[in-house]
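What you see is a predicted model, and the numbers here were worked out from it, not measured in a lab.
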Amino acid sequence: MRDGKLDKGKTPAKAASAERPAVVRRANAARMPGSSVHASLANEIGLRIVRGDYPPGTILPNEAKWSETFDVSRSAVREAIKMLMAKGLLASRPKIGSWVEPKERWNLLDRDVLAWYATSPDREVFLKTVQEFRHIIEPEATAFAATRRTDEQMAEISQACREMGEATTLQERTRADTRFHLAILRASGNDLLVPLGVLIESAFDHLFAYTTREVDDLQHAQKLHEAIEKNIRLQRPDAARNAVRKLLANTDSVIKSR
């Protein structure tokens with residue numbers, strides 16, 4: 001349905017749109033600092049879709065209603081809808097309007113969709129999905145990094161690990177944690193992992209913020225990260241792979257305990 005055509009015999013759930021609560025107008029709500037009006041509007045609507053305000057099949061308000069609700073031009077609304085269609089969240093058809101696509105059609109590797117999904121009511125399910133992804137990718141990527149990393153890449157990994165230990169706030173630590181893992185993906189030497197790592201950066205941020213809260217957890221997790229750094233630095237691929245698996249197992253246990 002990405003081309004905007006309806007599957008034969010299927011129509012969006014018109015009744016769903018009528019059952020949704022009225023949208024409360026917030027003056028200039030779409031005008032967020034550092035972003036264009038239509039991008040900010042797409043962010044607001046996209047977040048509402050992903051968190052379940054508008055379930056799949058729901059027909060969204062028309063251009064006039066969005067324009068009135070957010071005090072923006074209709075052209076800004078049209079551009080926002082186009083953005084959400086490109087991300088797989090919406091489809092549109094003349095005389096019907098725009099409707100929410102099934103979840104399986106959403107582009108979950110899109111940076112914005114990931115960010116919306118990570119803050120939705122289902123975020124714990126999503127974070128477990130991210131963790132499964134890590135089990136699939138990170139052990140082998142880290143083993144490759146141990147044999148392929150350059151001195152410059154090693155310095156980046158080591159610096160991020162050091163900054164994790166020196167961080168004084170949760171935000172500083174989670175950002176350093178994310179840089180550590182993304183640096184390892186880059187050092188793996190596999191070109192496909194680099195853009196993939198950038199796309200999931202937001203998901204990593206949310207996952208690490210969720211799993212690193214207690215002091216004891218932080219100290220233990222730091223030692224596990226330092227073991228990974230050491231084995232990459234000493235170019236021990238098998239040991240590096242096993243060190244990552246220990247870290248992932250620790251994160252699994254933290255998620256289960258919350």
Donor-acceptor under 3.5 Å (S67 side chain, V72 main chain): yes

For the student: nearest non-hydrogen atoms of A141 and S188, plus distance: O-CB, 3.4 Å

Say whether, by atom type as modelled, one donor and one acceptor occur between the side chain of D53 and the main chain of I49 under 3.5 angstrom. no

Consider side-chain contact (heavy atoms from CB on, under 4.5 Å). Of V244, I137, L247, I157, which one does H181 pass it with? L247

Is the shortest heavy-atom distance from the side chain of L196 to the side chain of L185 under 4.5 Å? no

OG1-CZ distance between T142 and R245, expressed to the nearest 0.5 angstrom: 10.0 Å

Between I59 and Y54, is there a side-chain heavy-atom distance shorter than 4.5 Å? no

Check this for me: does any side-chain nitrogen of one of R233 and E229 sit under 4.0 Å from a carboxylate oxygen of the other? yes

Counting distance only, does the side-chain N/O of W116 pair as donor-acceptor with the main-chain N or O of R51 below 3.5 Å? no

Minimum heavy-atom distance L84-A42, with the two atoms named: CD2-O, 3.6 Å

Tell me whether the count of non-hydrogen atoms from other residues, nucleotides or ligands lying under 6.0 Å of CD in E172 goes above 12. yes

Is there a side-chain contact (heavy atoms from CB on, under 4.5 Å) between K128 and I255? Walk through the geometry before answering. CA-CA 8 Å; K128 289 178 181 178; I255 291 176; 3.7 Å; yes

Scanning both residues in full, the closest heavy-atom pair of N190 with L192 reads OD1-N, 2.9 Å

As an exercise, state the distance from CG of D71 to CG of L41, rounded to the nearest 0.5 Å. 11.5 Å

Rounded at 0.5 Å granularity, tell me how far CD in E101 sits from OG in S92. 10.5 Å

S40 and E44: side-chain hydrogen bond (donor to acceptor under 3.5 Å, both in side chains), yes or no, with the steps? CA-CA 6 Å; S40 296; E44 179 68 25; over 6 Å; no

With a 4.5 Å heavy-atom cut-off, do V50 and W106 have their side chains touching? yes

Determine whether L108 and Y117 make a side-chain contact, defined as any pair of heavy atoms from C-beta on separated by less than 4.5 Å. yes

Taking atom types as modelled, find out whether H225 and H220 have a side-chain donor-acceptor pair closer than 3.5 angstrom. no

In one Ile/Leu/Val/Met/Phe/Trp/Tyr side-chain cluster, 4.5 Å: M83, L109: no

Roughly how far apart are H38 NE2 and S73 OG, rounded to 0.5 Å? 10.5 Å

Could you verify whether a donor N or O on one side chain and an acceptor N or O on the other, from Q159 and R162, lie under 3.5 Å apart? no

Taking T178 for its side chain and T174 for its backbone only, find out whether a donor-acceptor pair lies under 3.5 Å. yes

Do the non-hydrogen side-chain atoms of M85 and I81 ever get within less than 4.5 Å of each other? yes

Please give me the minimum heavy-atom distance between I232 and R149, naming the atom from each residue. O-NE, 3.4 Å

Verify the neighbour count for atom CD of E152: are there more than 12 heavy atoms of other residues, nucleotides or ligands below 6.0 Å? no

Apply side-chain contact (heavy atoms from CB on, under 4.5 Å) to residues W66 and I45 and explain how you reach the verdict. CA-CA 10 Å; W66 284 129; I45 298 173; 3.9 Å; yes

Is any NZ, NE, NH1 or NH2 atom of the basic residue among R186 and E156 found under 4.0 Å from an Asp or Glu carboxylate oxygen of the other? yes

Crowded around F126 CZ? As in, over 12 foreign heavy atoms under 6.0 Å? yes

Looking at A76 and V37, what are the two nearest heavy atoms and their distance? CB-CG1, 4.0 Å

Are V254 and L224 linked, directly or through other ILVMFWY residues, by side chains that come within less than 4.5 angstrom of each other? no

Are K82 and E79 close enough for a salt bridge, meaning some N to O gap below 4.0 Å? yes

Treating Ile, Leu, Val, Met, Phe, Trp and Tyr as nodes and any side-chain heavy-atom pair under 4.5 angstrom as an edge, say whether M154 and F180 lie in one connected cluster. yes

Q131 side-chain N/O to L248 backbone N/O, donor-acceptor pair under 3.5 Å: yes

Side chain proximity check, N107 to L89, heavy atoms < 4.5 angstrom: no

Could you tell me whether the side chains of Q235 and R148 share a donor-acceptor contact shorter than 3.5 Å? no

What about V113 and F133, same hydrophobic cluster or not, with Ile/Leu/Val/Met/Phe/Trp/Tyr joined at side-chain heavy-atom distances under 4.5 Å? yes

Between CD1 of I136 and CZ of R134, what distance do you get to the nearest 0.5 Å? 12.5 Å

Is the side chain of Q153 donor-acceptor paired with the backbone N or O of T150 at a distance under 3.5 Å, no angle test? yes

Could you check whether any side-chain N or O of R173 sits under 3.5 Å from a backbone N or O of A167, counting only pairs where one atom can act as donor and the other as acceptor? no

Shortest non-hydrogen separation from D110 to D112 and the atoms involved: OD1-N, 2.9 Å

Does a side-chain heavy-atom distance below 4.5 Å link C161 with Q222? yes

Using a strict threshold of under 4.0 Å (side-chain N to carboxylate O), is an ion pair present between E163 and R179? yes

d(N43 CG, R48 CZ) to nearest 0.5 Å is 11.0 Å

Sidechain N-carboxylate O distance under 4.0 Å for D238, R236: no

